[in-house]
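Notes follow once the structure below has been shown.
Note that these values count all heavy atoms, side chains included, but never hydrogens, waters or copies made by symmetry.
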Amino acid sequence: TTILNIQGLTKAYSGGTLALTGIDLTVESGEFIAVIGPSGAGKSTLLRSINRLVEPTDGTITFLGEVMSSKNKGSLRRLRSQIGMIFQHYNLVNRSSVLENVLHGRLGYMSPLAGVFSRYSEADKQAAIDLLVKVGLANEVYKRADELSGGQKQRVGISRALMQQPKLILADEPIASLDPKSSAVVMDTIYENCRLQGIACLVNLHQVEVAKKYATRIIGIKAGTKVFDGTADQLTDEM
Ligand code: ADP
Ligand code: ADP
């Protein structure tokens with residue numbers, strides 16, 4: 001089943017930069033899609049437009065059969081709660097514990113200001129701890145987020161996204177700040193969890209080899225335009 005349909009997505013930033021022009025994209029449930037392309041191609045704008053961290057200039061985004069619109073706050077909130085976001089720079093609340101950071105995912109759409117620890121149920125806490133154990137952070141649960149290594153921080157970011165029980169995960173350059181070893185762990189963690197739970201994933205990557213290793217499908221973006229949409233086998237050298 002189709003979970004995400006993007007038609008004619010265009011984004012012109014206020015400075016005049018045309019970051020995306022007329023992007024069409026359909027995502028089926030459970031697909032693991034890598035978005036590749038040079039720096040400045042518009043990959044990040046594409047992901048951010050989907051959950052409206054960026055407001056599109058034109059186009060229609062339909063998620064779970066509902067058109068996403070910033071005008072309908074209730075609907076937007078509900079849809080966003082089913083989209084987990086993973087960031088290059090983790091976006092953890094540094095002074096909070098690892099566990100609290102994961103619990104923020106329970107609020108659906110995370111905000112660094114959202115929620116205090118006491119609002120969560122024991123069941124939520126246990127679910128968060130279970131996720132942390134699963135991603136190999138059993139010994140980090142009560143540490144402050146800023147005590148962790150980059151790779152560990154990103155696994156907290158993954159756990160926070162999974163805590164939402166999302167239908168879709170958007171991962172924006174999740175390994176761009178990590179060494180090769182941590183990158184492999186982080187990609188394996190995202191991949192395995194998405195595949196096991198049937199979560200669709202759009203992951204921005206600048207290394208083509210990584211995209212080829214994991215993705216069931218690859219989208220190539222150049223200068224704001226979709227220039228490739230196919231499998232790793234079909235990918236040519238110029239992409
Ligand atoms: P990528 O993720 O592929 O590196 P981006 O989506 O970050 O590409 O950027 C696409 C283009 O939009 C670039 O030219 C970038 O400079 C520009 N851009 C990105 N974010 C903003 C912003 N907030 N304001 C103005 N221009 C932006
Ligand atoms: P960069 O990789 O360029 O440093 P980030 O991924 O750190 O960018 O985040 C950039 C923007 O994303 C922020 O300005 C903020 O508006 C938005 N953002 C970051 N974290 C969250 C969050 N947890 N929930 C909602 N929006 C967020």
Side-chain angles (χ1 to χ4, degrees), residues 32-39 43-44 47-48 51 53 83-117 120 124-166 168-197 199-215:
F32 198 90
I33 301 176
V35 182
I36 62 169
S39 182
K43 305 182 294 297
S44 181
L47 259 57
R48 285 164 189 268
N51 68 354
L53 286 178
I83 302 178
M85 187 89 192
I86 298 172
F87 299 92
Q88 175 178 354
H89 299 113
Y90 327 118
N91 291 33
L92 304 182
V93 181
N94 281 320
R95 288 164 303 142
S96 298
S97 70
V98 164
L99 177 58
E100 286 171 286
N101 270 280
V102 175
L103 282 165
H104 289 163
R106 178 53 92 212
L107 295 179
Y109 191 65
M110 334 145 251
S111 147
L113 298 176
V116 283
F117 205 22
Y120 302 102
D124 283 344
K125 283 185 201 171
Q126 193 54 53
I129 291 168
D130 290 347
L131 277 171
L132 286 165
V133 170
K134 220 166 125 189
V135 302
L137 295 176
N139 296 322
E140 278 69 36
V141 173
Y142 298 104
K143 286 186 182 165
R144 267 173 63 132
D146 55 10
E147 289 178 62
L148 306 190
S149 69
Q152 290 175 325
K153 284 181 180 168
Q154 196 56 293
R155 281 182 278 155
V156 176
I158 296 166
S159 303
R160 179 181 59 192
L162 292 171
M163 192 71 191
Q164 290 176 236
Q165 299 183 298
L168 173 68
I169 282 183
L170 304 174
D172 193 1
E173 298 281 2
I175 58 170
S177 304
L178 301 176
D179 60 71
K181 200 169 159 226
S182 305
S183 295
V185 173
V186 161
M187 282 307 298
D188 286 346
T189 304
I190 297 173
Y191 182 80
E192 282 161 19
N193 280 284
C194 286
R195 299 303 279 174
L196 273 173
Q197 299 177 49
I199 303 167
C201 182
L202 277 172
V203 53
N204 284 352
L205 293 167
H206 61 257
Q207 295 128 300
V208 178
E209 326 81 69
V210 180
K212 282 182 162 173
K213 181 175 174 199
Y214 293 93

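Side-chain contact between I33 and V203: absent, with no pair of heavy atoms (C-beta onward) separated by less than 4.5 Å. Side-chain contact between H104 and L92 is absent, with no heavy atoms from C-beta onward closer than 4.5 Å. Residues F87 and L170 are not in side-chain contact: their nearest non-hydrogen atoms beyond the backbone lie 4.5 Å or more apart. Side-chain contact check for D172 versus Q88: every heavy-atom pair is 4.5 Å or farther apart. Annotation: side chain of I83 is not in contact with side chain of P166 (no heavy-atom distance under 4.5 Å). Residues V93 and E100 form no side-chain contact, since every pair of their non-hydrogen atoms from C-beta on lies 4.5 Å or further apart. Put simply, the side chain of Y142 reaches to within 4.5 Å of the side chain of L99, judged on heavy atoms.
Formation of a donor-acceptor pair under 3.5 Å by the E140 side chain with backbone atoms of A145 is not found in this model. Put simply, the side chain of R48 never gets that close to the backbone of L53: no donor and acceptor are under 3.5 Å apart. Looking only at distances, a side-chain donor or acceptor of R160 sits under 3.5 Å from a matching main-chain atom of Y90.
The side chain to side chain donor-acceptor pair (under 3.5 Å) check on N101 picks up nothing, with sequence neighbours excluded. Every residue was checked against the side chain to side chain donor-acceptor pair (under 3.5 Å) condition with K213, not counting sequence neighbours, and none meets it. Take D130 and apply the side chain to side chain donor-acceptor pair (under 3.5 Å) test, not counting sequence neighbours, and it matches Q126. When the salt bridge (Lys or Arg N to Asp or Glu O under 4.0 Å) test is applied to D146, the partners found at least two apart in sequence or on another chain are R144.
For the atom pair C201 SG and I169 CD1, the distance stands at 6.0 Å (nearest 0.5 Å). The distance from the CZ atom of R155 to the OG atom of S149 is 6.5 Å, given to the nearest 0.5 Å. S177 contributes atom OG, which lies 4.0 Å from atom NE2 of H89 (distance to the nearest 0.5 angstrom). How far OG of S183 is from CD1 of I175: 4.0 Å, rounded to the nearest 0.5 Å. How far CG of N91 is from NZ of K153: 11.0 Å, rounded to the nearest 0.5 Å. For the atom pair L137 CG and L148 CG, the distance stands at 7.0 Å (nearest 0.5 Å).
When all heavy atoms of I86 and G157 are compared, the closest pair comes out as CG1-O, 4.1 Å. When every heavy atom of V102 is checked against every heavy atom of A128, the shortest pair comes out as CG1-CB, 3.7 Å. Closest non-hydrogen pair, A161 versus G84, comes out as CB-CA, 4.0 Å. Nearest heavy atom pair, residue M163 against residue A127, reads CE-CB, 4.0 Å. The minimum heavy-atom distance linking M85 with N51 is given by the pair SD-ND2, 3.4 Å.
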**Worked check of side-chain contact (heavy atoms from CB on, under 4.5 Å) between I199 and L168** = CA-CA 6 Å; I199 303 167; L168 173 68; 5.5 Å; no
Which pairs would a plain distance check flag for residues 205-212, meaning a side-chain donor or acceptor within less than 3.5 Å of a matching protein atom at least two apart in sequence or in another chain?
| residue | atom | partner | partner atom | Å |
| --- | --- | --- | --- | --- |
| H206 | ND1 | E173 | OE1 | 3.0 |

Without placing hydrogens or testing angles, list every side-chain donor-acceptor pair under 3.5 Å for residues 184-195, not counting sequence neighbours.
| residue | atom | partner | partner atom | Å |
| --- | --- | --- | --- | --- |
| D188 | OD1 | Y214 | OH | 2.7 |
| T189 | OG1 | V185 | O | 2.7 |
| N193 | OD1 | K134 | NZ | 3.3 |
| N193 | ND2 | T189 | O | 2.8 |
| R195 | NH1 | G30 | O | 2.9 |

